[in-house]
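Lettering of chains follows the sequences in order, A, B, ..., and the numbering in each one begins at 1.
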Amino acid sequence: MSGNSLYLDGVSVVFDGFQALNNLSLVVEPGELRAIIGPNGAGKTTMMDVITGKTRPTKGTVRFGESDLTRMDEASIAMLGIGRKFQKPTVFDALTVFENLELALKAPRGPIPCLRWRLNGEARTAIERTLAEIGLTERARDRAGLLSHGQRQWLEIGMLLMQDPQLLLVDEPVAGMTDHETELTATLLRGIAGARSVVVVEHDLEFVRALGHRVTVLHEGSVLSEGSIDHVQNDQRVIEVYLGR
Amino acid sequence: MTRRLVLLACVVLLALIPILNLLPDASPFHVSDFIVSICGKWICYAILALALDLAWGYAGILSLGHGAFFALGGYAIGMHLMRLIGPRGVYGHPILPDFMVFLGYTELPWYWLGFDWFIFAFAMALVVPGLLALVVGYLAFRSRITGVYLSIITQALTYALMLAFFRNDMGFGGNNGFTDFKELLGMPLNTPATRSVLFYASLVVLVLAYLMCAALTRTKFGRVLTAIRDAESRVRFLGYDVTQHKLFVFVLSAMLAGVAGALYVPQVGIINPGEFSPGNSIEAVVWVAFGGRGTLVGAILGAFSVNAIKTWLTSFAPDLWLIVLGCLFIAVPLLLPRGLIGLLRRGGGK
Amino acid sequence: MLRLLMLLFLLMAPQAHAQDAFSELLPGLTGGFAQQAETVERLGALGDPRALPLLRALGDTRLLRGPDGTVIVSPGQPPPGSDVIRINNRVRGALRGALGRLQLGSPDPEERLRAAEAILRNRSADDIPILEAALGRETDARIRDRLALALGGARLAAADPASKRIGILALGRSTSPEARALLLQERIATPDLATDIDTAIASIDQRLALRRAAETAFQGLSLGSVLMLAALGLAVTFGVMGIINMAHGEFVMLGAYTTFVVQELCRDIPWLSPWSLPLAVPAAFMVTALIGAAMERGLIRFLYGRPLETLLLTFGVGMVLQQVVRLTFGAQNREVISPPWMQGTLVLPGEITITQNRAWIILFALFVLLATLAAIRLTRFGLEMRAVVQNRRIAATMGIRTGRVDAMTFAFGSGIAGLAGVALSQIDNVSPNLGTGYIIDSFMVVVFGGVGSLMGTLIGAFSLGIFNKLLEPYAGVVLAKVAVLVAIMIFIQRRPKGLFALKGRAADQ
Amino acid sequence: QATPIKVGVLHSLSGTMAISETALRDTVLMMIEWQNARGGILGRRLEAVVVDPASNWPLFAEKARELLAVSKVDVTFGCWTSVSRKSVLPVFEELNGLLFYPVQYEGEEESKNIFYTGAAPNQQAIPAVEYLMSADGGGAKRIALLGTDYVYPRTTNRILRGYLNSKGIADADIIEEYTPFGHSDWQGIVSRVKTFASQGKKTAIVSTINGDANVPFYRELGNQGIKAEDIPCVAFSVGEEELAGIDTRPLVGHLAAWNYFMSVQSPANTEFLAMWRAYIKNPRRVTNDPMEATLTGFKMWAQAVAQAGTTAVDPVRIAMIGQKVNSPCGYTEEMHANHHLSKPVMIGEIQADGQFNIISKTPTAIPAENWSPFIPENANRRRP
Amino acid sequence: MLDVRAIDLSYGASRCLRGVSLSVEPGKVAAVLGRNGVGKSSLLRSIMGLERIGGGGISWEGADISTLAPSERARRGIGYVPQGREIFPFLTVQENLETALAAAPRGSKVPGEVFDLFPILRDFLRRRGGDLSGGQQQQLAIARALTARPRLLILDEPTEGIQPNVIKDIGKVIQYLARDRGFAVVLVEQYFEFARDLADTITVMVRGEVALAGKTDALDEAAVRKLLTV
Ligand SMILES: Nc1ncnc2c1ncn2[C@@H]1O[C@H](COP(=O)(O)OP(=O)(O)OP(=O)(O)O)[C@@H](O)[C@H]1O
Ligand SMILES: Nc1ncnc2c1ncn2[C@@H]1O[C@H](COP(=O)(O)OP(=O)(O)OP(=O)(O)O)[C@@H](O)[C@H]1O
Ligand SMILES: [Mg+2]
Ligand SMILES: [Mg+2]
């Protein structure tokens, strides 16, 4: 497995005096599936913002393989093979579900290639496969703006899959899904990992358990605890700030 | 489908106008010179509307300065037409246009060189607006200026150009601009035959522009534009370079506007800094909104209908036309949520 | 009848005072302009107190030539058969000097001040004794300054160099361009004194430079305050509510017309008419606010969430309003008179002169800004207004009556536009096009300052105003404006969301 | 029943120029009514065709074409700005129409299809400056030329500069300042003029400021205390209409040069005023120079049609030359072969009541020099 | 008591709710369950007045409210926590809470108990709502609804994105509000255990219709779970 690792080293982010990330260091190996949990406001989403170039860190280094992510813009980072699902689902309302996926599909991204792009059979099957996977086959021709909250979540996941990235950053994928769907999602992510790296943020511990990999607990912008789910669940500090008694 | 048919019918009807003009005056199907000349003018407006709709309706770039590109295209051709006057000017100077003789220029400013060739002037009608759009667009899109901020920047652009062109010291004839044109490509300008030629040229450009825009919006590029319009930052996270995409349409749209201006000037016989006035650009936006934003047919329809109503009302009710037209502008968004095109849709839809 | 009784006939038949020098001069007043001017000068030099009312009447076009060639002072309408004696600028100049001489002893300090100034302008060496006497009597410091200056001027006009030198020194202490002009004239006339004059001029120039800098700053502030007033209403309707209100300029225009109407209503009520402008302030606010509320309830509310259609609609409303006003009031300019306390200039220490109307407008603009800020930041209404704008549906589920809030917000913004109209009626045309000239600048200011930030509007307006005025002397009016526009465009590159941008996560979306 | 004679009216009724042009529309309508009350011309009634070119120059050309090609008008009265005239000129020449242009302008033009009934520069600007430099006018030695940046001020000022130089006034004693249309902030310029005036020589302002910009300009002049006896300002575009929007008390003594003032005492003017007030139903409405020029033009055209016995353009055009009208300005104006009128020049002082007091006028009407001798290039001009 | 009787709702041509009924008494919690897109949020929005219903009726405390504007419903004591947080992004936390005082008498303050429940908000009072993290925003949305002291509380997936110990607290609060304060509560939830533990009645929706409804104890859990997975 060639792949790139993700390094975060000593990353801090300060918003008008508020320390959202505090000297955070984290390594995600190629092919690893990493779950990240932590209290609300621990900095999980901010961490993803830093990796994807939405937020510039106040200090510290962020690297993906050889590339220094702090010097790149969002689009180039995405082109490196880092895809993201947002906590608040954002899809293109005016486009159909199918078109949303088509846009996400891995292909050259410049204006001219886009002008020349033709939907060939291969691409069509890929999209249709994903549609089936996210359960939106029936809604393929509907505008995405009409979807319910949960359906939008699924569409976001679908778009992430279409990008076929090396590193997937998934922010709260199962919020608003039924228990059954949660299980499906866990299976899906487990299947993806190995070939690609996956970082999942979730509050649903059942889901995290189902992923069955290493868990990192963030608190106040830095790592509080790291290990298997059982290890973490029995960590007094984690119980204190996160799980409750 | 219906929309396509309506469009085709309109094009055919338009194409007939200069032919009907040839019929004898007495014939019931005769249309007057006047109709030919204003329809020719409206076609140019329609091209401008189309250009604007491409940027605004599809990519969400609400330019309040598209009139500037239109006017620059017009000035480029205007300079050519001025050069063609030659020694027929009032002061009989072999090279300098009248206003320069008059303001005491001794030689042609360097930026006037080359405009004696039609090809060069026409190329400039494309290049100058395109280049300006490239520079302004690059700076703006790179720093992620969006929404009203972008609108105001473009408005400032056209306003600044207007003030600059009003200055007599700029070498573009100041407030009076260019008039008194004599000929174009060897044809004397003020004849019905030339008018018909210009009319057809404009119509062909309109049809081509429509086909190009329609094709463009149907590609994936078009869908990326729509996506940018709705959630620009999300598009970035998918790996698209938003700046490039926006720049591409913006420049294309500016060049289209430039062509429209280039076709317009020989038909109306005057170009002056008034064309840069922000009001004109806003009016173009109004055509698009009136016809229906985000549908190319709507933009064309809007340009034609607003101008037709305006032409009719300024003669029919010179005192009240502003009120009537104003009320129309009020009524359309209230009653037809998608603009005039909404009517067609409703009628032909399902 | 009453008028005839009141008519104060000052019949001055020449034969009655045949030997009198004063009476001998009188016929000269009915001659040609050159003769008039000469007569006036001689009357002034004569120092006869009877000349004072006569000359005043001449200046106010109340002096009549009776049917028999006599001269009559009339307080009102000229009686039939007599003509008003007309004068021209040359006579006016002479008149000012003569009146100055006659009024130097007046009990009214304002009159004495004017007299001192008048003498400076029409100086002659003959005035030295009366000026010295007046200076000796005078206690008021301001008038003493002026008298000293006038005396300096008079000495400069004297023949002997020693006296001239004293004059030069006196003038050199002033900050007045008139003094400088006198010195320059003198420099040409008597080259011997060039060095003295040059030092005096240099010293004046130093103070003048300071004064000019202060005046430029004032002009910038003034332009800024006008921009801000015009933009404030838009900062509410556009900045806060997000409605692209193309009719904003027309609301400003309506405010100006309300001022005109209030003035016309008050015209025939003498005790009220000086107060018509202050009365117009609430009236204009009410009128435009009501129209704004009607427009919001009747039209705009159907279009929330469709900003572009709102643009079309408000554009239409603007057209209608403009033409309705044109048809009702006519296309011509309407005359709005400035109350006396807004006319003329105010002289600050260092001879810095600022025009009164503009000084008032600066104060008024700041007052309107503070009131707006208070309304938005401190009141319940302000909170509900911002909530409704950010999320109309959810605001409703909080129990906020969104319709009412919308109407009130729009009315509020429109009302402020009306207030701007009151101010603009004092410096610009009251015509149907009044608003069109300001709409672009207003949008520019709001955007430059940062949409949604009133502080941004304030800072934006003032910095644009001052920047513009600083450039103007070098670049000329047009290029200065172009430069300001280009500067805005470049600035927005650096700060894509204006001076006072909304920051943070929410703003990225 | 004979077909009516159609009279086109091409004045902006909306937009920036409406302020000035609506009154001219009303004047033409009034004249048509007046003529019809006299039984029309050649036994035919007159009928107005009014259009609104909305202060938009290309629209002027479109409307001109519409008047000529669709409405088939016999004559058109219209335009105010030079650019609007330049915009319609090719249309009138192409379709061989007849346009009466009633506003003072910069000259340098002559078209067989246009009759210019306003003043050329030698009928307004030069006599005015002559007056300023005379002893009566204050003997000005320094001149500030303030204008709106368009052709009329540029040309007029060029001519004036040539004239002033010929009178021994050096370029150092002349400043020119140009502002955009509708300029409203005059603080800087007025105070610069004050500085310019403090250099020791008698200074005067020559204003070619156009339209809307005048009100703020005069307000600033008044507020900064510039008195006519110190720095007189003579204007070429400010008439009674413009003054109606200003409190003129602080401006008494400033000047304007025209070929007609409302305060002219002449029987023709008395008749004009009475007719106007009755027509407009407002005793306070004023008249001004372009209205007088419209009236004179209209009467001349009516006489020419009657003389030619037809409304056809070519015969009327020939009949026009040499027509004389006893104009409200108190003089007889005559149409010359250069399509311009001979006109008297009057200087008026602003009065407290917003009227002008005429303080100087030429003894006779002066013929127009539409090609100014002060512009050297006119020497190589192509003769039409 | 809230009584929803057989309401219909369509978005354009597509029907989203068909004859859905629901009732809650004061002191009781009614849970509405269902897969994505079955119309749960649409039902809540209809109760709140954000959608105009096509048929049926809604009454609250004996009065028919089906035609009232949302703000009037809020003034009658209905509090709403929308799905997807929907806080006011440019208002501070404090101001966000104060918006809910629109119907309260002048000078009312945000009740202190809100901060006891969500202590984090007290630290962030001056921070803009939009800057908060997802979970913090969700907490703010619930706190805001409570600030208005409603008598009927409508919660659309309130636990979404919230950390486990706070979820437990929210559960307790809902219980407290219903049992001790006599609130009526309508709860839409995907987190089955959470809903089951709180609810007195459960309504399961499938494709815009009520598929199963009844008292929590009386329902067959397996059947419910089955409806949620198919
Ligand atoms: N732009 C900003 N301005 C100020 N504070 C911010 C900004 N962005 C984030 N924060 C703060 O940083 C902290 C971390 O936020 P983040 O969204 O990363 O939390 P999170 O771990 O994703 O929480 P959750 O589980 O609730 O989603 C929060 O306290 C938040 O209020
Ligand atoms: N504004 C709308 N216009 C058209 N269709 C809509 C609209 N809102 C929702 N829908 C459709 O109505 C159906 C029900 O939506 P709703 O949001 O009520 O579902 P839900 O049960 O809340 O789902 P979730 O669990 O995902 O939140 C969905 O299929 C959705 O696509
Ligand atoms: Mg988060
Ligand atoms: Mg939902």
Inset, instruction - Indicate whether any N or O donor in one side chain lies under 3.5 Å from an N or O acceptor in the other, for E:Arg144 and E:Thr99. - result: no
Legend entry - Region of A:Val201 that comes under 4.5 Å of a non-hydrogen atom in chain E: neither
Inset, instruction - Among E:Lys40, E:Glu157, E:Gln83, single out the residue with the greatest number of heavy-atom pairs under 4.5 Å to chain A. - result: E:Gln83
Inset, instruction - Specify the closest pair of heavy atoms between E:Gly161 and A:Asn40, including all atoms of both residues, with the distance to one decimal. - result: O-ND2, 2.9 Å
Inset, instruction - May I ask you to say whether A:Asp235 pairs ionically with A:Arg237, meaning some side-chain N is under 4.0 Å from a carboxylate O? - result: yes
Legend entry - Per-residue contact mode, E:Phe124 against chain A (heavy atom under 4.5 angstrom): side chain
Inset, instruction - Go through A:Leu184, A:Asp179, A:Thr182, A:Asp204 and name the one with the most non-hydrogen pairs under 4.5 angstrom from chain E. - result: A:Asp179
Legend entry - Among the listed options A:Asp171, A:Leu243, A:Val174, A:Leu146, the residue most often paired with chain E at heavy-atom distances under 4.5 Å: A:Leu243
Legend entry - Segment of E:Glu189 engaging chain A (4.5 angstrom heavy-atom cut-off): neither
Inset, instruction - Look at A:Gln87, A:His149, A:Glu206, A:Glu172 and state which one has the largest set of heavy-atom pairs under 4.5 Å with chain E. - result: A:His149
Inset, instruction - For each of E:Asn165, E:Val188, E:Ile167, E:Asp169, tally heavy-atom pairs with chain A at distances under 4.5 Å, and name the one with the top tally. - result: E:Asn165
Inset, instruction - Identify which part of A:Gln153 has an atom lying under 4.5 Å from any heavy atom of chain E, answering side chain, backbone, both or neither. - result: side chain
Inset, instruction - Using a strict cut-off of less than 4.0 Å between a Lys/Arg side-chain nitrogen and an Asp/Glu carboxylate oxygen, indicate whether A:Arg84 and A:Glu74 qualify as a salt bridge. - result: no
Legend entry - A:Ser225 (side chain) donor-acceptor with A:Val232 (main chain) under 3.5 angstrom: no
Legend entry - Check ion pair E:Asp156-E:Arg45 (N to O, under 4.0 angstrom): no
Legend entry - Lys/Arg-Asp/Glu bridge criterion (N-O < 4.0 Å) met for E:Glu193, E:Arg225: yes
Inset, instruction - Could you look at E:Ile120 and say if it's the side chain, the backbone, both or neither that has a heavy atom under 4.5 Å from chain A? - result: side chain
